[in-house]
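Have a look at the structure below, then the notes.
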Number of protein chains: 2
Amino acid sequence: MPATIPDEFLDAMAEKLRLFADPTRLSILRALSMRERSVSEVVEATGRGQANVSKHLKLLTNAGLVARRKEGLRVYYKLDDPLVGKLCDLLCATLVSEARAELSRTRRLLDTWSKTSRRDKSGRVKTR
Amino acid sequence: MPATIPDEFLDAMAEKLRLFADPTRLSILRALSMRERSVSEVVEATGRGQANVSKHLKLLTNAGLVARRKEGLRVYYKLDDPLVGKLCDLLCATLVSEARAELSRTRRLLDTWSKTSRRDKSGRVKTR
DNA sequence: TGACTGTATTACCATAGAGTCATAAAGTAG
DNA sequence: CTACTTTATGACTCTATGGTAATACAGTCA
């Protein structure tokens, strides 16, 4: 963490992060990361209720994370903040590496497990 | 955002981010980013209540973000996840650049403002 | 042993916020 | 105009969670 972060920044950081700390909003951002989409398209892509999506989109818009464009009946939203991509890259990288670690841990477990039960003549799995 | 993120990841990402989306926890992480600290030291550094800090530390520990070490009466905590530093760097960079943008915006405003009111002979500031 | 210190936990309150339903508002088509 | 579509909003419920006070627990020292 960089040297010293002024206290006022903590609140700003927390507020910004709170926007990302919700599965529905992440789902919406993921949908918008591919292309600009109307509200109903986002609803369809995320499988969430329309009112719910509309509310989250308002939040994201007010925060400046997405941009709003009206065209006839529809309203189109698209990403409008470089932080979105960076943050997702960082998180995905972290989660992927964690998943990898988890996998190899499981592998090791399975490995030692099969070794210890190798000489069990009964054929049944024997734990410890 | 990377191509397609599986739905299960969204929940994991949100949960992870939720840990950072709180001023008190950020304050704690900031305190721990400098050095290992006992609970009471964290309490002192953050200015939060002891019970409160203890709870947050438990959360962070369970999530694997900080490591716990007991020594006599005291319990020492330290950062234990590379994500912490990376995330903070990213956020700080973002916030700083935003602050800069805000600053130059204000400067421009002041500039045009002083120009429009330059020829006002009364000496009073004249808006539009 | 008892007194003291540092930490964790419990119980509680207050609030924020996510979701949903119903409905309003805005735009289009007939 | 009415009927219809798309989006936004208001009212409401319910849950999660941050904060705090009181207290339990654990370790040290006399």
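Residue numbers begin at 1 in each chain, while the letters A, B, ... track the order of the sequences.
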Checking B:Leu65 against B:Leu79 for the side-chain contact (heavy atoms from CB on, under 4.5 Å) test, could you report, in this order, the C-alpha distance in whole Å, the side-chain angles of both residues, the deciding distance, and whether it holds? CA-CA 6 Å; B:Leu65 292 185; B:Leu79 295 192; over 6 Å; no
Please step through side-chain contact (heavy atoms from CB on, under 4.5 Å) for the pair A:Leu59 and A:Lys55, ending with a clear verdict. CA-CA 6 Å; A:Leu59 265 183; A:Lys55 266 193 185 168; over 6 Å; no
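Here the shortest heavy-atom pairing between B:Leu10 and A:Leu26 reads O-CD1, 3.5 Å. In terms of heavy atoms, A:Leu32 sits closest to A:Arg37 at CD2-CB, 3.8 Å. The two residues B:Pro23 and A:Asp11 come nearest to each other via the heavy atoms CB-OD1, 3.3 Å. A:Ile28 approaches A:Leu60 most closely through the heavy-atom pair CG2-CD1, 4.1 Å. The minimum heavy-atom distance between B:Val43 and B:Arg48, with the atom names listed, is CG1-O, 3.3 Å.
Salt bridge status for B:Arg69 with B:Glu36: present, with a side-chain N to carboxylate O gap under 4.0 Å. Under a 4.0 Å N-O distance rule, the pair A:Asp7/B:Arg30 qualifies as a salt bridge.
For A:Arg25 and C:dA18, the shortest distance from a side-chain N or O to OP1 or OP2 is below 4.0 Å.
Computed from coordinates, the A:His56 NE2 to C:dT20 P distance equals 9 Å when rounded to whole Å. Separating the CG atom of B:Asp22 from the P atom of C:dT15 is a distance of 17 Å, rounded to the nearest angstrom. A:Leu59 places its CG atom 14 Å from the P atom of C:dA16, with the value rounded to the nearest Å. In this structure, B:Lys55 places its NZ atom 11 Å from P of C:dT9, rounding to the nearest Å. Distance CZ (B:Arg37) to P (C:dG6): 16 Å, rounded to an integer number of Å. Taking atom CG of residue B:Leu60 and atom P of nucleotide C:dA8, one finds them 12 Å apart after rounding to whole Å. Here the C1' atom of nucleotide C:dC12 and the CG atom of B:Asn52 are 14 Å apart, to the nearest Å.
Looking at heavy atoms from C-beta onward, A:Arg74 lies in side-chain contact with A:Tyr76 at the 4.5 angstrom threshold.
Mapped onto DNA chain C by nearest heavy atom, B:Leu57 and A:Gly49 fall at different nucleotides, with B:Leu57 at the one closer to the 5' end. Toward the 5′ end of DNA chain D lies the nearest nucleotide of A:Tyr77, the other residue of the pair A:Tyr77 and B:Ala51 mapping further downstream.
The base of C:dT7 does not come close enough to the side chain of B:Lys58 for any donor and acceptor atom to sit less than 3.5 Å apart.
Side-chain N/O atoms of A:Thr61 and A:Arg68 include no donor and acceptor closer than 3.5 Å.
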Per-nt protein contacts along nucleotides 24-30 of chain C (heavy atom under 4.0 Å; B base, S backbone sugar-phosphate only, - none) come out as --BBS--
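Using a 4.0 Å heavy-atom criterion, one finds that A:Tyr76 contacts no nucleic acid atom at all. Within 4.0 Å of A:Ser54, counting heavy atoms only, lies at least one base atom of the nucleic acid.
Note that the first and last nucleotides of DNA chain D, 5' to 3', having any atom under 4.0 angstrom from a heavy atom of chain B are D:dT17 to D:dT28.
In DNA chain D, consecutive stretches of 3 or more Watson-Crick or G-U wobble pairs with both distances under 3.5 Å are given as paired ranges: C:1-30 with D:1-30.
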